[in-house]
Amino acid sequence: MNLHRSFSMSALGTPLPRAFFNRDSRVVGRELLGKLLIRREGRKKLVGRIVEVEAYLGKADPAAHSFGGPTPRNLVMFGPPGFAYVYFIYGNHYCLNVSCQPEGNAAAVLFRALEPLAGIKEMARARGVTVKNPRDLRRLTSGPGRMAEAFDVTRERDNGKDLTSSRSDLWLADDGFVPGQIAATKRIGITKAADREWRYVIPGNPFVSGPKKIR
DNA sequence: ATATCGATTATCT
DNA sequence: GATAATCGATATG
């Protein structure tokens, strides 16, 4: 079984336009499944297919960083849609989001897992892992902190970056791939509003994070 | 295969 | 001063 069947480097697709993100983050989240995250590193490109995301709303969502109003950290969430919100968590990890909804609504989608398609050597180096069998690929991009590290996403480098243009060095694209199926589950690792099923995955995809039962 | 726990620091109360 | 949208190591079945 070849997971890379529907991908070729010559067809990276077209960048997702700003209007794509100017909608409810739950809709954006669902529709981001199957799209591509692309990082340009000099002449190299890192490419991953999005297989897991979570939607965060603004004032309607106690789990959202924007729930309590704007602060220096969450300011990008209050700005226009289609921009990177990167935060640092647990003293260890960066996590990548994209701002959604009309400006001021402060919603976002958190990227949680990718299926690595290109630049795998570079991702492995950035993660400090040795890939000796296909199972090890999971450790590159399966989880929000892992995929951020694989793509060298940091707050300093990427927070506030426009993700809708390939003139940027980090953007999102549609190559026409359509997931066979989409599933919604509870979000991971939160204590507030923990019952809302705003985590979206491509069920059965091996790069979805977490224990087998929620993949 | 699943559960538990410690690490480590920016951010906000 | 407490908390956190996580990860990796270790322990146990």
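Order of the sequence lines sets the chain letters (A, B, ...), proteins ahead of strands, with each chain counted from 1. The basis for the numbers below is simple: all heavy atoms, side chains too, and nothing from hydrogens, waters or symmetry mates.
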Problem set entry | Qualifying residues under side chain to side chain contact (heavy atoms under 4.5 Å, CB included), relative to A:E122, sequence neighbours excluded |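 With sequence neighbours excluded, A:E122 shows a side chain to side chain contact (heavy atoms under 4.5 Å, CB included) to A:K44, A:L46, A:R125, given in chain and number order.
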
Give the minimum heavy-atom separation between [X] and [Y], together with the two atoms involved.
X: A:I50; Y: A:L32; value: CB-O, 3.5 Å
X: A:G58; Y: A:S66; value: CA-OG, 3.6 Å
X: A:V28; Y: A:F21; value: CG1-CD2, 3.9 Å
X: A:V47; Y: A:M123; value: O-CE, 3.5 Å

Problem set entry | Qualifying residue, where the test is side-chain contact (heavy atoms from CB on, under 4.5 Å) with A:L163 and the options are A:N97, A:D158, A:V98 |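 Filter result, single survivor: A:V98.
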
Exercise. Heavy-atom distance under 4.5 Å between the side chains of A:V76 and A:N159, does that happen here?
Worked result: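 A side-chain contact exists here, since the closest heavy-atom pair is under 4.5 Å.
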
Problem set entry | First-last contacting nucleotides on DNA chain C - partner chain A, under 4.0 angstrom, heavy atom |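 First-to-last contact on DNA chain C, by the 4.0 Å heavy-atom rule, is C:dA4 to C:dG8.
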
Exercise. Are the charged groups of A:D152 and A:R157 less than 4.0 angstrom apart, N to O?
Worked result: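 Salt bridge present between A:D152 and A:R157.
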
Problem set entry | A:H65 and A:Y85 aromatic ring geometry - parallel, tilted or perpendicular at 30°/60° bounds |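 Correct class here is perpendicular.
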
Exercise. Toward the 5' end of DNA chain C, which comes first, A:R112 or A:R139, by nearest nucleotide?
Worked result: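 Going by which nucleotide is closer to the 5' end, it is A:R112.
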
Exercise. Does anything in residues 21-30 of chain A reach DNA chain B, meaning a heavy atom under 4.0 Å, and if so which residues?
Worked result: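 Correct list: empty, so none.
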
For this session: Could you run through DNA chain C and flag its stems, i.e. three or more consecutive Watson-Crick or G-U pairs with both distances under 3.5 Å?
Result: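 Stem list for DNA chain C: B:1-7 with C:6-12, B:9-12 with C:1-4.
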
Problem set entry | side chain to side chain contact (heavy atoms under 4.5 Å, CB included) between A:R49 and A:I202, intermediate numbers included | CA-CA 11 Å; A:R49 195 175 301 287; A:I202 300 181; 5.5 Å; no

Exercise. Which pairs, with at least one residue in residues 14-28 of chain A and sequence neighbours excluded, count as a side-chain hydrogen bond (donor to acceptor under 3.5 Å, both in side chains)?
Worked result: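 Checked against side-chain hydrogen bond (donor to acceptor under 3.5 Å, both in side chains) - neighbours excluded - the pairs reaching residues 14-28 of chain A are A:R18-A:D162, A:R18-A:T164, A:R23-A:E31, A:D24-A:R26.
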
Exercise. How does protein contact run along nucleotides 8-13 of chain B, one letter per nucleotide 5' to 3', with B for base contact, S for sugar-phosphate only, - for none, heavy atoms under 4.0 Å?
Worked result: BBSSS-

For this session: Establish, yes or no, whether the cationic atom of A:R187 lies under 6.0 Å from the six-membered ring centre of A:Y56 and within 45° of the ring axis.
Result: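 Yes, a cation-pi geometry.
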
